[in-house]
2 protein chains.
Amino acid sequence: MNELSNLDIAIVEDDQVVREGLKDYLQSEAFTKNVWAVESMELFFESISKGKSADVILSDIGLPGMSGIEGIKLIREKLKKSDIIMLTVFKDENRIFKSLCAGATGYLLKDTPFEEIKQAIYIIRNGGSFMSPAIARKVVEHFNPLPQNSDNNLTAREKQIIQGMVDGLSYKLIADRLGISIDTIRYHIKNIYNKLQINSRTQLLNKSFRGEI
Amino acid sequence: MNELSNLDIAIVEDDQVVREGLKDYLQSEAFTKNVWAVESMELFFESISKGKSADVILSDIGLPGMSGIEGIKLIREKLKKSDIIMLTVFKDENRIFKSLCAGATGYLLKDTPFEEIKQAIYIIRNGGSFMSPAIARKVVEHFNPLPQNSDNNLTAREKQIIQGMVDGLSYKLIADRLGISIDTIRYHIKNIYNKLQINSRTQLLNKSFRGEI
DNA sequence: TGTTCCACTACATCTTTGTGTAGTTTTGTT
DNA sequence: AACAAAACTACACAAAGATGTAGTGGAACA
């Protein structure tokens, strides 16, 4: 791993103990040039517009005024080369994915030891990414959701029809594909929609994309 | 972090040096009960059916016969409580996401030091997850893809119409929502489909779900 | 003023989708 | 054999979707 130096680090954290403690720790590290800390996103942007810079931003989510997640989006536009690491108590999937979708490159829980925060900064500035293990688990499980509830008891034929729908085929083309009549397609679709309690192809597609069928 | 003990660990790796080296290392660790190694997935399943067990499976991807990824899917069905960690040279997104979607709970690159593999096992068996930093970066960036090519130049109004389509609304309901006539909806949809070179709502939805618009 | 882009509206027409009703055949189980 | 479930087929009809043609008005710009 390459050595780092001269990093400007910004901390956005409303809890004073954490803010000052982390600032003191990082300031004492040789790889940092300037470490500054503010208690809100608004103050962060104010400092940026006054000329302060930040290679790495450590940001809480629950902040007074603008939330950390909202702040990321704006940071993403203004500071293209900065890395944003969430440092927060929140471990719900909603906030995890909103943060990642907004552009965070790291996600650490609040109880992460300072030494590990430093390691995460190293890793991230070297092109990698780091998440607290529990966060990484949720991210990994996002890609392999638990087997869906199959009590909608679709038959094999019905699943074939659904696939044709998802593939964007008209009833006629699905019928051609399966070698049956278009009226049989309609018959099956009637049953499918009843089982799934929907009444349009769009709803079917939404369910499919969400992994519900 | 809780101490672990009595773990059965299986290694599926066709490179003999890595396979034996890793087996020797893990066997010497106090938290392992039994460490066994095979050179293919087929042999892995053969051993399982003969009564061997595995709490953690360390698996390569490029294996003779059945690939590691195909193996995960089968393992996922047979061994619900096992953790599968990929240990591989491949760092392409295709394989990363296929592995995660198949159910892997960790993903390590081949050059990961043995000590770090051990730490990853600890983390994963304690409910977390661990990925090599470069892998984690690709996973994180998956959630914040680069800004999409916007040269389909949809107008603001067209985007509103698309949103109504994605929400599953009929033309009539979209018209109601926007306070315009249904003929205007049709007019916009004609333009939208021309710009996107599609001709059905399903194709529009597919593009939307893929993030192309 | 003229041009371009955008939004809005209307009409016409054909295709596709969705739902109800009715009946036959096939397959699997008891 | 009887029964249930699944699959297949047909007809009817209304609503929704897709596409072409035509026209008006507003905003921005040269």
Side-chain angles (χ1 to χ4, degrees), chain A residues 73 77 146-213, chain B residues 73 77-78 147-213:
Chain A
K73 294 176 186 169
E77 294 172 13
L146 290 182
Q148 292 304 318
N149 199 346
S150 299
D151 61 5
N152 49 41
N153 55 301
L154 296 166
T155 67
R157 197 61 155 169
E158 286 165 349
K159 286 171 184 168
Q160 287 176 323
I161 307 274
I162 288 172
Q163 188 55 55
M165 299 277 274
V166 171
D167 290 342
L169 304 181
S170 64
Y171 289 0
K172 177 70 174 63
L173 290 177
I174 299 174
D176 290 343
R177 177 192 268 189
L178 301 179
I180 52 179
S181 85
I182 193 171
D183 283 310
T184 305
I185 300 295
R186 291 198 188 103
Y187 157 81
H188 282 301
I189 283 170
K190 222 177 316 179
N191 291 332
I192 291 168
Y193 286 4
N194 276 336
K195 285 179 182 178
L196 302 180
Q197 299 191 19
I198 58 176
N199 54 18
S200 72
R201 178 184 278 229
T202 300
Q203 288 173 51
L204 180 69
L205 291 176
N206 280 333
K207 276 184 178 294
S208 174
F209 287 121
R210 286 198 297 257
E212 292 175 26
I213 49 176
Chain B
K73 294 176 187 170
E77 294 172 10
K78 291 172 174 290
Q148 292 301 317
N149 199 347
S150 298
D151 61 5
N152 50 40
N153 55 300
L154 297 165
T155 67
R157 198 55 156 177
E158 285 164 350
K159 287 172 185 168
Q160 287 176 323
I161 306 276
I162 288 172
Q163 188 57 53
M165 299 277 274
V166 171
D167 290 342
L169 303 181
S170 64
Y171 289 0
K172 177 71 173 64
L173 290 178
I174 300 174
D176 290 343
R177 176 191 269 187
L178 300 179
I180 52 178
S181 85
I182 192 172
D183 281 312
T184 305
I185 301 295
R186 293 201 185 102
Y187 158 81
H188 283 300
I189 283 170
K190 221 178 316 179
N191 292 333
I192 290 169
Y193 286 5
N194 276 337
K195 285 181 183 178
L196 302 180
Q197 299 192 18
I198 58 176
N199 55 16
S200 74
R201 180 185 281 233
T202 299
Q203 289 174 51
L204 180 68
L205 291 176
N206 280 335
K207 277 184 180 291
S208 174
F209 287 123
R210 286 198 295 258
E212 292 175 27
I213 49 177

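The model shown is predicted, which means the values in this text are computed figures rather than measured ones. Note that these values count all heavy atoms, side chains included, but never hydrogens, waters or copies made by symmetry. Note on naming: letters A, B, ... go to the chains in the order of the sequence lines (proteins, then strands), and numbering restarts at 1 for each one.
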Is any side-chain N or O of [X] closer than 4.0 Å to OP1 or OP2 of [N]?
X: A/Tyr193; N: C/dG18; value: yes
X: B/Arg157; N: C/dC8; value: yes
X: A/Arg201; N: C/dG18; value: no

Can you check the [X] [atom1] to [N] [atom2] distance for me, whole Å?
X: B/Asn191; N: C/dT4; atom1: CG; atom2: P; value: 17 Å
X: B/Arg186; N: D/dA16; atom1: CZ; atom2: P; value: 10 Å
X: B/His188; N: C/dA10; atom1: NE2; atom2: C1'; value: 14 Å
X: B/Ile182; N: C/dA12; atom1: CD1; atom2: C1'; value: 15 Å
X: A/Leu169; N: D/dG17; atom1: CG; atom2: P; value: 19 Å
X: B/Leu178; N: C/dC6; atom1: CG; atom2: C1'; value: 15 Å
X: B/Ile189; N: D/dG20; atom1: CD1; atom2: C1'; value: 15 Å
X: B/Asn194; N: C/dC6; atom1: CG; atom2: P; value: 14 Å

Assuming nearest nucleotide by heavy-atom distance, tell me which of A/Ile185 and A/Lys195 is located more 5' along DNA chain D. A/Lys195
Sugar-phosphate only, base, or nothing, as touched by A/Asn199 at under 4.0 Å among non-hydrogen atoms: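 Answer is sugar-phosphate: A/Asn199 comes under 4.0 Å of backbone atoms only.
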Approximate separation, where rounding is to 0.5 Å, of [X] [atom1] and [Y] [atom2]:
X: A/Met165; Y: A/Glu158; atom1: CE; atom2: CD; result: 12.0 Å
X: A/Ile192; Y: A/Tyr187; atom1: CD1; atom2: OH; result: 10.5 Å
X: A/Ile162; Y: A/Lys207; atom1: CD1; atom2: NZ; result: 10.5 Å
X: A/Asp176; Y: A/Ile185; atom1: CG; atom2: CD1; result: 9.0 Å
X: A/Gln160; Y: A/Thr155; atom1: CD; atom2: OG1; result: 8.5 Å
X: B/Ile189; Y: B/Ile161; atom1: CD1; atom2: CD1; result: 6.5 Å

B/Lys172 side-chain N/O to B/Ile182 backbone N/O, donor-acceptor pair under 3.5 Å: no
Counting N and O atoms only, with roles assigned by atom type, does the side chain of B/Tyr193 sit under 3.5 Å from a partner on the main chain of B/Arg201, one being a donor and the other an acceptor?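 Checking the backbone N and O of B/Arg201 against the side chain of B/Tyr193, a donor-acceptor pair under 3.5 Å is found.
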Among [options], which nucleotide has an atom closest to any side-chain atom of [X]?
X: B/Thr155; options: C/dA7, D/dT19, C/dT17; value: C/dA7
X: B/Ser181; options: D/dG17, C/dT19, C/dA10; value: C/dA10
X: A/Lys190; options: C/dG20, C/dA10, D/dA18; value: C/dG20
X: B/Tyr187; options: D/dC11, C/dA7, C/dT19; value: C/dA7
X: A/Ile180; options: D/dT9, C/dG18, D/dA18; value: D/dT9
X: B/Asp183; options: C/dC8, C/dT19, C/dA10; value: C/dA10

Residues from residues 170-177 of chain B sitting under 4.0 Å of DNA chain D, heavy atoms only?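 Nucleic-acid contacts, sorted: B/Ser170, B/Tyr171.
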